[in-house]
Amino acid sequence: MGSTGSGKTTVCRLVDFDDAEFAHKGNYQFINLASGSNLRAGSGLESCTNEVQTSLPFNVGGQPVILIDTPGFDDTTLTDTDVLRIIAAYLVTTNKQGARIAGVIYMHRISDLRVGGSARRDFRMFQELCGEEAYPNVLIVSNMWDAVTAEDGNAREQELATKDIFFKPILDKRAKMLRHDNTQKSAHSIIQNLVEKEPVVLQIQRELGEGMDITQTAAYKQLDKEMSELAARHEKELEALREEMADAERSQDEETRNELQEEVRKVEAELQQAQNQASRLASEYQAELRRIEEMLHVKEG
């Protein structure tokens, strides 16, 4: 898991699982180097996937492994509620089928000059998906070390590990932070930290498996908080735009007024979209469950 373009993966050990068919945008080198797969990658800044992708099965330390790639919450083609729906439905369905997660790898680009708001939001969602009980099975893996000097990379790594707004809270609860140097040996060494661990049930799997509505989960509550803050910003922006429109009308500046009117329509549409996402989530989650169950040939009971 991780932001779009970071090389995000979830690691799943095959436990009581023999269906070979269970076998995005990001840096796919980790998955492809580790597994010999050839997962799709986008080009430029655009994400190329709208679903979960899985690697071919392979072995690490004598253990069969599958890597699972998920969309990021800053995906360029999906809304955040779409991403939550897709990830939640996949994890719940595969857990029901008997595939157990040995651990989760959160990928972070050490080449990023700063950790922006979207990346921090993505990590907050990651925390709520996993839950604190799963933190000992979490690895924070930094990549793209060849794009920075050793001095800059070390300084960024130290900041990420020691500041509460970044990874310190999860590291304090027994998650680990490791480096990936873009080789298969490095990827397998990272995965080795997880394959011997007892499988873990993530918080989102436990909540939905117990019959909780997706809109009551910790992950959705965090997402709803983010959307409410976004809506408040949109409302403030609309207020400012309407004041500017009134000024333009008083000064008979028709060109400026028309430009502002178009901007108002755009912001109103974004606000309406955010409001509609929540109302659609529950029904679309059930539809996604049915789609994935059919895809993975899951049978009730």
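Note that this is a predicted model, so its numbers are computed, not measured.
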>> Working to the nearest 0.5 angstrom, can you tell me the gap between L91 CG and L202 CG?
In response: 6.0 Å

> Between CD of E210 and CD of Q205, what distance do you get to the nearest 0.5 Å?
Replying inline: 11.5 Å

>> According to side-chain hydrogen bond (donor to acceptor under 3.5 Å, both in side chains), who are the partners of Q222, at least two apart in sequence or on a separate chain?
In response: E226

> Is it the case that more than 12 heavy atoms not belonging to E133 sit under 6.0 Å from its CD atom?
Replying inline: no

> So, R291 and E294, do they make that salt bridge, N to O below 4.0 Å?
Replying inline: no

> For I204 and A219, which heavy atoms make the closest approach, and how far apart are they?
Replying inline: CD1-CB, 4.3 Å

> CG/D69 to CD1/I105 distance, rounded to the nearest 0.5 angstrom?
Replying inline: 11.0 Å

> Side-chain contact, heavy-atom cut-off 4.5 Å: L194 with V104?
Replying inline: no

>> If we ignore hydrogens and angles and just use 3.5 Å, is the side chain of R120 paired with the main-chain N or O of I165 as donor and acceptor?
In response: no

> So do W145 and H180 actually touch side chain to side chain, heavy atoms under 4.5 Å?
Replying inline: no

>> Looking at every heavy atom in both Y106 and A119, which two are closest together, and how far apart are they?
In response: OH-O, 3.8 Å

> Of all residues at least two apart in sequence or in a different chain, which pass the side-chain hydrogen bond (donor to acceptor under 3.5 Å, both in side chains) check with T149?
Replying inline: D152

>> Tell me which pairs pass salt bridge (charged side-chain N to carboxylate O under 4.0 Å, His left out) where either residue lies in residues 179-194, with sequence neighbours left out.
In response: E157-R179

>> What I'd like to find out is whether the side chain of Y90 reaches to under 4.5 Å of the side chain of L289, using heavy atoms alone.
In response: no

> Between the side chain of K197 and the main-chain N/O of P136, is any donor-acceptor distance below 3.5 Å?
Replying inline: yes

> For E132, which residues count as a side-chain hydrogen bond (donor to acceptor under 3.5 Å, both in side chains) partner, sequence neighbours excluded?
Replying inline: K173

>> Run the side-chain contact (heavy atoms from CB on, under 4.5 Å) test against Q216 and tell me which residues pass, sequence neighbours left out.
In response: M212, D213, K221

> Looking only at atom types and distance, does a side-chain atom of S186 sit under 3.5 Å from a main-chain N or O of N182, one as donor and one as acceptor?
Replying inline: no

>> Could you report the tightest heavy-atom contact between I66 and P57, atom names first, then the distance?
In response: CG1-CA, 3.9 Å

> Is there side-chain contact between K168 and D172, with heavy atoms separated by less than 4.5 Å?
Replying inline: yes

> Does any non-hydrogen side-chain atom of E198 lie less than 4.5 Å from one of R100?
Replying inline: no

>> Would you say the rings of F167 and F123 are close, in the sense that their centroids are separated by under 6.0 Å?
In response: yes

> Do the side chains of V52 and V201 join up, straight or via other hydrophobic residues, at under 4.5 Å, putting them in one cluster?
Replying inline: no

> Do you know the tightest heavy-atom contact between L208 and T217?
Replying inline: CD2-CG2, 3.8 Å

> Between atom OG1 of T94 and atom CD1 of I68, what is the distance when rounded to the nearest 0.5 Å?
Replying inline: 6.0 Å

>> Assess whether a salt bridge exists between D112 and R156, defined as any Lys/Arg side-chain N lying under 4.0 Å from an Asp/Glu carboxylate O.
In response: no

> Residues in side-chain hydrogen bond (donor to acceptor under 3.5 Å, both in side chains) with K225, at least two apart?
Replying inline: none

> Just by distance, do the side chain of E288 and the backbone of A89 share a donor-acceptor pair under 3.5 Å?
Replying inline: no

> Looking only at heavy atoms, what is the nearest atom pair of H188 and V60, with distance?
Replying inline: O-CG1, 3.7 Å

> In Å and rounded to the nearest 0.5 Å, what is the OG1 to CG distance from T162 to D164?
Replying inline: 9.0 Å

>> With a 4.5 Å cut-off on side-chain heavy atoms, are V65 and N59 touching?
In response: no

> Where do L223 and M125 come nearest, in terms of heavy atoms and distance?
Replying inline: N-SD, 3.7 Å

